Q: 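Shown below is the structure under consideration.
From a predicted model like this one, the values you see are computed outputs, not experimental measurements. Counting from 1, the numbers follow the sequence of the chain as shown. Values below: all heavy atoms of this structure, side chains included; hydrogens, waters and symmetry mates excluded.
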Amino acid sequence: LRFFTKPSGSGLNTPRMVIQGSNGNVGIGTTSPGSFHANASNLVVGSGSGTEGITINSGASNYGVIYFADGTSGSATYSGNINYNHDDNSMRFGTAGSTTSVVIDDSGNVGIGRNTANSRLHVSDATNISASAAGAGQFAVEGNGYTTSIAMDATRAHIYHNSSLRNLSFGTNESIDMTIKGSDGNVGIGTEDPGKKLEVNVGGGNTDGIRITGSSANTSLIINNTGS
């Protein structure tokens, strides 16, 4: 079934929309929607020439919505969803029946696991996650089979990775200032290869190595050897 219009000044009808009899696929701007990927050819929009698009026109304080359903009741009607909130100009992505799994607010901040974002990337997870060999955390970066994670549990924050072959480094001004060795946990300040539990290398000059200050007369450095 084809729908035609006749452009002004033309004697020919131009096909604008087609419903294919063999499968019911609908094409707008194309007469062969069945030529596209079988998983996404039910509705094909565009001629393949120039810029094409679809507009959802919503109220100034309402949503523009696309739902992905796998049922006809409850959250199955919006198992996956994309929502644009015109009231606060935020874009929201939902999965597993959630209306907001990821949000991008009007300033470009991204929130994961929350409805708002108070920083450029704001991740929220109510699960307590501690450092583990699996490298799982609320935030993770994976490279070459290993993972660096940031996680929080009920008592502390963790920054860690799951490779004994890799050091954990902290730096400023594009240089490494402190290193925790992956093989033995030794900490180096001013050195990337500490040979002791704590090694401080101040380099040349008159730079202080370790300074302890305090308002109390009892400020001190205590070294306690409990071994034999």
Side-chain angles (χ1 to χ4, degrees), residues 17 19-20 23-30 32-132 134-154 156-162:
M17 185 174 77
I19 303 174
Q20 292 187 316
N23 49 35
N25 291 343
V26 176
I28 300 175
T30 177
S32 56
S35 299
F36 294 85
H37 197 286
N39 289 340
S41 61
N42 299 98
L43 173 63
V44 178
V45 177
S47 64
S49 176
T51 302
E52 308 281 1
I54 299 174
T55 297
I56 299 175
N57 186 16
S58 307
S61 59
N62 299 103
Y63 287 86
V65 180
I66 299 175
Y67 281 170
F68 303 88
D70 53 20
T72 57
S73 63
S75 62
T77 61
Y78 56 91
S79 295
N81 54 85
I82 302 172
N83 299 266
Y84 187 85
N85 185 350
H86 290 272
D87 190 44
D88 63 8
N89 291 311
S90 64
M91 180 73 80
R92 300 168 187 270
F93 301 85
T95 59
S98 169
T99 55
T100 306
S101 299
V102 177
V103 60
I104 305 174
D105 68 17
D106 59 347
S107 61
N109 292 344
V110 177
I112 300 176
R114 53 184 294 113
N115 293 322
T116 60
N118 299 327
S119 56
R120 280 304 181 193
L121 178 60
H122 194 160
V123 180
S124 179
D125 185 356
T127 305
N128 288 326
I129 301 176
S130 59
S132 66
Q138 278 93 349
F139 180 80
V141 178
E142 184 172 348
N144 197 25
Y146 294 95
T147 305
T148 298
S149 297
I150 300 175
M152 295 186 69
D153 60 23
R156 70 196 71 190
H158 306 270
I159 302 175
Y160 62 100
H161 61 61
N162 61 348

Q: Carefully, step by step, assess T100 and F93 under the rule side chain to side chain contact (heavy atoms under 4.5 Å, CB included).
A: CA-CA 6 Å; T100 306; F93 301 85; over 6 Å; no
Q: H158: what forms a ring pair (Phe, Tyr, Trp, His ring centres under 6.0 Å) with it, not counting sequence neighbours?
A: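 Per chain and number, H158 pairs via ring pair (Phe, Tyr, Trp, His ring centres under 6.0 Å) with no residue.
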Q: Of all the heavy-atom pairs spanning G97 and S75, show the shortest one and how long it is.
A: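 Where G97 meets S75 most closely, the heavy atoms are CA-CB, 4.0 Å.
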Q: Applying the side chain to side chain contact (heavy atoms under 4.5 Å, CB included) test to R92, which of D105, T99, N115 qualifies?
A: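 Of all the options given, the one that passes is N115.
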Q: Can you check whether Y63's main-chain N or O pairs, donor with acceptor, with S58's side chain at less than 3.5 Å?
A: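 Flag set: sc S58 to bb Y63 pair under 3.5 Å.
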Q: Could you state the interatomic distance from OG (S149) to CD (E142), rounded to the nearest 0.5 Å?
A: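 Going from the OG atom of S149 to the CD atom of E142 covers 9.0 Å.
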Q: So do M91 and I82 actually touch side chain to side chain, heavy atoms under 4.5 Å?
A: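 Result yes, sub-4.5 Å side-chain heavy-atom pair found.
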Q: To the nearest 0.5 angstrom, please state how far the CG atom of L43 sits from the CD1 atom of I28.
A: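 Here the rounded value is 5.5 Å.
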Q: Restricting to side chain to side chain donor-acceptor pair (under 3.5 Å), what partner residues turn up for S47, sequence neighbours left out?
A: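 S47 satisfies side chain to side chain donor-acceptor pair (under 3.5 Å) with E52 once adjacent residues are dropped.
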Q: As an exercise, state the distance from CE of M152 to OG of S124, rounded to the nearest 0.5 Å.
A: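 These two atoms lie 10.5 Å from each other.
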Q: Could you give me the CA-CA distance, side-chain angles and deciding distance for Y67 and N83, then say whether side chain to side chain contact (heavy atoms under 4.5 Å, CB included) is met?
A: CA-CA 9 Å; Y67 281 170; N83 299 266; 4.1 Å; yes
Q: Got I66 and F68 here, is their nearest side-chain heavy-atom distance under 4.5 Å?
A: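 In contact.
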Q: Can you name the residues that form a salt bridge (charged side-chain N to carboxylate O under 4.0 Å, His left out) with D87, not counting sequence neighbours?
A: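 D87: no salt bridge (charged side-chain N to carboxylate O under 4.0 Å, His left out) contacts found.
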Q: Kindly give the heavy-atom pair with the smallest separation between S73 and T77, and that separation in Å.
A: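 Reported closest heavy-atom pair: N-CG2, 3.3 Å.
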Q: Once rounded to the nearest 0.5 Å, what's the spacing between atom OG of S32 and atom CG of N25?
A: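 The CG atom of N25 is 10.5 Å from OG of S32, to the nearest 0.5 Å.
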Q: Once you round to the nearest 0.5 Å, how far does OG of S90 lie from CG of D106?
A: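 The CG atom of D106 is 8.0 Å from OG of S90, to the nearest 0.5 Å.
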Q: With a 4.5 Å cut-off on side-chain heavy atoms, are V110 and V102 touching?
A: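 Yes, their side chains come closer than 4.5 Å.
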Q: Can you give me the closest heavy-atom contact between G34 and Q20, atom names plus distance?
A: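 Residues G34 and Q20, closest heavy atoms: N-OE1, 3.2 Å.
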Q: Y84 and N89: side chain to side chain contact (heavy atoms under 4.5 Å, CB included), yes or no, with the steps?
A: CA-CA 7 Å; Y84 187 85; N89 291 311; 3.1 Å; yes
Q: Please round to the nearest 0.5 Å and tell me the distance separating atom OG1 of T147 and atom CG of N162.
A: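 The CG atom of N162 is 5.0 Å from OG1 of T147, to the nearest 0.5 Å.
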Q: Heavy atoms, side chains only, cut-off 4.5 Å: are L121 and F139 in contact?
A: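 In contact.
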Q: Over all heavy atoms of both residues, which pair between G27 and P33 is shortest? Give the atoms and the distance, please.
A: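 G27 and P33 have their closest heavy atoms at N-CG, 3.6 Å.
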